[in-house]
Amino acid sequence: MASASSSLLTKMPTPSNTTISFSASLSPALPLFPSQFYLRRHRRTGNALRVQSKIREIFMPALSSTMTEGKIVSWIKSEGDLLSKGESVVVVESDKADMDVETFYDGILAAIVVPEGESAPVGAPIGLLAETEDEIAEAKAKAASAGGSAPAPAAATPAVSPSPPVPAPAASAPPPPLPADGPRKTVATPFAKKLAKQHKVDISKVVGTGPFGRVTPGDIEAAAGIVPTKPKVAAPAVAAQPAPIAAAAPPKAASAPSTPALPGSTVVPFTTMQAAVSKNMLESLSVPSFRVGYPIATDALDALYEKVKPKGVTMTALLAKAAAMALAQHPVVNASCKDGRSFTYNDNINIAVAVAINGGLITPVLQDADKLDLYLLSQKWKELVEKARAKQLQPNEYNSGTFTLSNLGMFGVDRFDAILPPGQGAIMAVGASKPTVVADKDGFFSVKNKMLVNVTADHRIVYGADLAAFLKTFSKIIENPESLTM
Amino acid sequence: MQASLSLSVSNPAAIPRSSHGFESSIPFPSKPVNLRFCGLRREALGFSSASTYPLSTSRSSRSVARSNKVSASLGSANGSSSAPKSFDYDLIIIGAGVGGHGAALHAVEKGLKTAIVEGDVVGGTCVNRGCVPSKALLAVSGRMRELQNEHHLKALGLQVSAAGYDRQGVADHANNLAMKIRGNLTNSMKALGVDILTGFGAVLGPQKVKVGKDTVVTAKDIIIATGSVPFVPKGIEVDGKTVITSDHALKLEFVPDWIAIVGSGYIGLEFSDVYTALGSEVTFVEALDQLMPGFDPEIGKLAQRVLINPRKIDYHTGVFATKITPAKDGKPVTIELIDAKTKEPKETLEVDAALIATGRAPFTNGLGLENINVATQRGFIPVDERMRVIDSNGDLVPHLFCIGDANGKMMLAHAASAQGISVVEQLTGRDHVLNHLSIPAACFTHPEISMVGLTEPQAREKAELEGFEVAVAKTSFKANTKALAENEGEGLAKLIYRPDNGEILGVHIFGLHAADLIHEASNAIALGTRIQDLKLAVHAHPTLSEVLDELFKSAKVNAHVGRSPVAEPVAV
């Protein structure tokens, strides 16, 4: 079978005149005629050359008097397979049983219009039968154009170029040169052959890595660019040593796309900034991080914010200042662990603030945030954001942070947790401030605005108690924000 | 074709056979009556004491059953080995496989002094190298399949992490099962007082058997039940390691990455189920144009769609394997294929192992058949419908019977046993002809295939010849509640019958537990029960047996055919 289809694929089609399009006319009512195809022959007469196209549509048969639509259980034949009269081609599920449906004609299964598992009404075309190889391309084009109404010929035509159509993606290249060392026979295992057919891989082009140079299922998957979805076939070795396999899997998944792209999806490569984000995020996986959350009343902060807002003070500046002041009292949270063996205490408290910019993410840094006053800090922040938008930030303006602040509160996010950036000991995730019912120690209820902050930290240097103490300090500052203005 | 079709010998030691001593003393009608026999085992109705069984009480009544032809053939035996006057045993059975065992147990039940001769191990092919150990492997493969079928498990709401297996553990399970069943078989015979004579048995002359080198034992009647061995076509070199037969494969000494199975009958199909479940890839080599020859074509088609196409199996049909060379000197196993019709070389396969499952050959060499002027046909011992051995002149050999694979009538373990029981019935005064069309067969793949009677093409051919009408009814497992609860709706039951009188011609089942479901149909055929009667039988709900219930109900028997007189009033 493989040889039949490959020899056929290597021959370039002769697209005589592919301009005339077919309209797939649905037959209104079909007589009961089980186990056979309805094939309709289209005869083209429009051209001077009077080329006869012998493409037949394969219709969903009516397998019982009550059947209105049928489900394709499986295609026994694949695209490109030669069919001979009387052969079973497709299995259709009727209301009671599955029926094999046979072809009346010899030909080549040019295109599958309705894939396995999908249903089609009785009389609808489910596949196309070409009489000769030359018509396969035409049939495929037709199948593609019919794709608008039919469910999905996606599998059939993954990469149809408008003109001239090629029989299959793999065949766009000229016939493959035979290996130089003569007629070497390719040996492929049964499953490898099945996979090759499924993924339209030309086995003769695959270099076998199995015993005696045979092509294994893994070779085909590699050639098709697929990471094996199930590495755990029932081989005894798997049972004996599950650990190495589990360990080996993640790097593999990281280095290659783990799943084949779904039909219709587009691939857009990372920008430089996105690539940097991706790299940083992966690095964070090697850090043992943990999270501590803390609810903080913000009524006082909100009142202060209303007061200083007209002077150009932003909430970001207020939070950065508060964090910086708290960090000054808890230097370990401002420290970082560079080598896994020591603390690196930072002299400066540089607050990096995460900002989303044009599909990217950058963290401009408010240097010495503990030393600058609110107004200077606010001004500085405005400059940094403008520079970031213009992509003019200097490296030290975005990579010198010792602590990061990420605020999604303005979007109504009530809590989230952040991923620790490399080289820092902690990152704070700030949620929205919301009116919350609280009871005081005398049993009086009141409504106070509360926000949840969540700090992610490197547990090699920052322990739970450190973080709790830092958060307590931070909450005191926020709840008594007068000190921020001093 | 051995014995993947199995008779399950469920601890026979625990089931003492009833001794219907009275039956044998009923005067025997000289005209043969075709008493249909059904059921190989019966539950005990009473205990027969093992040590004090009565010595044949009814020998006098048996002589009536012999035809006139017999005396003619007696004369042809050479003078030196004339029949002895008194006998060591009433019955000697050569071969202690399932056939011999079934015959021996029934003989004891009928009061015959019985000995069984075994040159190898008790249990024969079925128990040691056939149905029994293969069922152990298939039990493993069935579970592996379930555990590996993520889609199926998910549909049931189950989560299982990667399933694995230990080859030696699986092999041990098969071996332990064979040992256990062998023990059961041996004990059941010992307990009933069957003498087990160890040594190679050969027929020395009429009513005389040589056991081992020089022991001579006499018996009134002799049953040959020597069974069969795997058939290996010439050109194929079996080394027992990379080129193997079912004998070796059942030991599961290794699981190759890629194995070619030559022959896609029962044995090949069952092994493909085992090997693919254990992670091998399989290539079938089949001489005929279709895989699974011998099955009803419709069943075969469906089976191929479920058992072959979705699995890691490919196949070459219409080809002969002319030469198979085991792996050696760093080279893989090579299989040279030629076109079955044109005999032109087609291609050479390179695989890790090859299993030869091309059928079985009778084991009849060295049996001393020349002493009684019997010539085998392709190794098979010719017999008539009562399993009486026919000599080269076409005459019956007196007091000599052959049952099981050695006569080639139906190479199934339970068929051998049924034939043995049929012979004992004849020896004890009841003529009996076994209806082979009532013997079910099963293939224990996942799901199973089972059948009884004729295939559709066979039935249509017969109908053409005899001028009756044939109709076919079918039901799907998809409509069965129990099958759907198990999420195993894939399956088909097919009934081939005569609409004019409601006779069942054949039933074929492919689906969950098909091997267990077939017996309702096989018993109906054996007893002559008609569809119009079966339609009124009640099946528990929800059970898989409702597949057959629906099948019988969907059959259209002509209205004027009344219920058969078989039905008798029953007190309620």
Side-chain angles (χ1 to χ4, degrees), chain A residues 1-3 35 71 73-78 87-88 90-91 93-102 116-117 185-198 208 210-218 220 229-243 245-246 249, chain B residues 141 144-145 147-148 150 161-170 254-260 276-284 298 301-302 304-306 308-315 327 330-334 347-352 474-479 489-492 494 554:
Chain A
M1 256 173 282
S3 64
S35 292
K71 183 178 160 192
V73 176
S74 63
W75 282 94
I76 297 168
K77 301 288 177 180
S78 311
E87 242 182 323
S88 296
V90 62
V91 181
E93 185 181 282
S94 76
D95 22 9
K96 277 223 164 167
D98 298 346
M99 308 274 279
D100 283 22
V101 179
E102 296 165 0
E116 286 181 8
K185 198 182 69 165
T186 311
V187 177
T189 73
F191 190 43
K193 284 184 206 157
K194 270 189 185 157
L195 282 176
K197 210 166 174 185
Q198 197 181 331
F212 315 107
R214 78 170 66 124
V215 177
T216 65
I220 299 291
T229 45
K230 275 185 275 180
K232 46 174 186 347
V233 196
V238 175
Q241 32 172 282
I245 287 203
Chain B
S141 80
M144 279 301 284
R145 279 190 193 291
L147 295 174
Q148 287 167 8
E150 277 173 36
S161 54
Y165 70 93
D166 162 34
R167 184 201 55 78
Q168 192 56 49
V170 179
F254 91 123
V255 179
D257 289 341
W258 183 5
I259 185 165
T276 50
L278 298 185
S280 303
E281 295 181 40
V282 168
T283 295
F284 270 119
E298 203 168 348
K301 233 183 212 175
L302 180 62
Q304 179 168 342
R305 217 174 72 216
V306 176
I308 308 280
N309 296 350
R311 297 185 180 171
K312 295 176 182 178
I313 300 177
D314 69 352
Y315 49 85
K331 285 190 192 129
V333 175
T334 55
E347 62 182 299
T348 301
L349 304 179
E350 292 178 5
V351 292
D352 297 323
K474 281 179 250 180
T475 54
S476 166
F477 278 61
K478 277 197 175 79
E490 193 79 70
L492 174 77
K494 177 175 178 181
S554 68

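Here the structure is a predicted model, which is why all the values come from computation and not from measurement. Residue numbers start from 1 in every chain, and the chains themselves are labelled A, B, ... in the order their sequence lines are given, proteins ahead of strands.
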* Are B:K301 and A:V91 side-chain neighbours, meaning at least one heavy-atom pair lies under 4.5 Å? -> no

Kindly indicate whether the side chain of B:E281, heavy atoms from C-beta on, has any atom under 4.5 Å from the side chain of A:P217. yes

**Request:** Answer yes or no: is there a donor N or O on one side and an acceptor on the other, between the side chain of A:K194 and the main chain of B:I313, under 3.5 Å?
**Result:** yes

Interatomic distance, CG@B:D352 vs CZ@A:F212, rounded to 0.5 Å, equals 6.5 Å

Per side-chain contact (heavy atoms from CB on, under 4.5 Å), A:P190 is matched among B:V282, B:T276, B:D314, B:V351 by B:D314

Apply the test side chain to side chain contact (heavy atoms under 4.5 Å, CB included) to residues A:I76 and B:Q304: give CA-CA distance (whole Å), side-chain angles for both, the deciding distance (0.1 Å), then the verdict.
-> CA-CA 11 Å; A:I76 297 168; B:Q304 179 168 342; over 6 Å; no

Honestly, the part of A:S88 sitting under 4.5 Å from a heavy atom of chain B is side chain

Closest non-hydrogen contact found for A:R214 with B:E350 is NH2-O, 4.1 Å

